[in-house]
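Heads up, the thing below is written out as structure tokens.
Order of listing sets the numbers, starting from 1, for every ligand and every atom in it.
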Amino acid sequence: MSSGWEIRMSNSKGIPYYFNAATKQSSWDAPSELSDDQIKTLPGSQHLSGGSSGGAGTITASHLLVKHKDSRRPSSWKETNITRSKEEATDILRGYQAQVGNSREKFEELASIHSDCSSHSQKGNLGPFSKGQMQKPFEDAAFGLQVGEFSDIISTDSGVHIILRTA
Ligand SMILES: O=C(CCc1ccccc1)N[C@H](Cc1nc2ccccc2[nH]1)C(=O)O
């Protein structure tokens, strides 16, 4: 008989918590009635530290970045001196967003060709990261996504981005 307990990830705190779907209880600490072995086999146990995604509180995401003249570093593998305005960069990114729709494959194709980030060579993949590693607007958007979900256009000091959470 399932205890009803599962492990969920708190997006706001970036740490796992215990939730009981039957009783609707939630707790930061493991329920005392569960043994360590039972906890390890709960649904969502991958959120516990050392999980496949590189540890508790990490997510994996890819992005497509279009820089502009006011970017922190207005240069990229694509263009030595980027002079477009932020408005032009946003319009360009909206065009990519329309082509991508909900297609991961199309996103990765366009990120590889057009992203002004060095991650373009990895189809936009940034690998696993935890809170405190990326610029705050990027972190807030990325940690607010479910796996498989695209962000809307967000702006950081690097330029304008679309993010896809992949794990
Ligand atoms: O900082 C990097 C490298 C990021 C990276 C992480 C992991 C694997 C590959 C690349 N590139 C910057 C552009 C840039 N700014 C960002 C801000 C947030 C997330 C990703 C970003 N990429 C630049 O090129 O100016």
| In chain order, what residues pass the side chain to side chain contact (heavy atoms under 4.5 Å, CB included) check against Arg73, with sequence neighbours excluded? | Lys67, Ser75

| With sequence neighbours excluded, what pairs up with Tyr17 under the side chain to side chain donor-acceptor pair (under 3.5 Å) test? | none

What does the N/O contact table under 3.5 Å look like for ligand 1?
{"unit_1": "ligand 1", "atom_1": "15 (N)", "unit_2": "Ser158", "atom_2": "OG", "d": "2.8"}
{"unit_1": "ligand 1", "atom_1": "24 (O)", "unit_2": "Arg73", "atom_2": "NH2", "d": "3.0"}
{"unit_1": "ligand 1", "atom_1": "25 (O)", "unit_2": "Lys67", "atom_2": "NZ", "d": "2.7"}
{"unit_1": "ligand 1", "atom_1": "25 (O)", "unit_2": "Arg73", "atom_2": "NE", "d": "3.2"}
{"unit_1": "ligand 1", "atom_1": "25 (O)", "unit_2": "Arg73", "atom_2": "NH2", "d": "3.1"}

| With Glu88, which residues qualify under salt bridge (Lys or Arg N to Asp or Glu O under 4.0 Å), at least two apart? | none

| Shortest non-hydrogen separation from Val147 to Ala167 and the atoms involved | CG2-C, 3.7 Å

| said: Ignoring hydrogens, what is the shortest heavy-atom contact between Gly144 and Glu149? Give both atom names and the distance. | reply: O-OE1, 4.3 Å

| query | Between the side chains of Ser103 and Glu105, is a donor N or O closer than 3.5 angstrom to an acceptor N or O? | reply | no

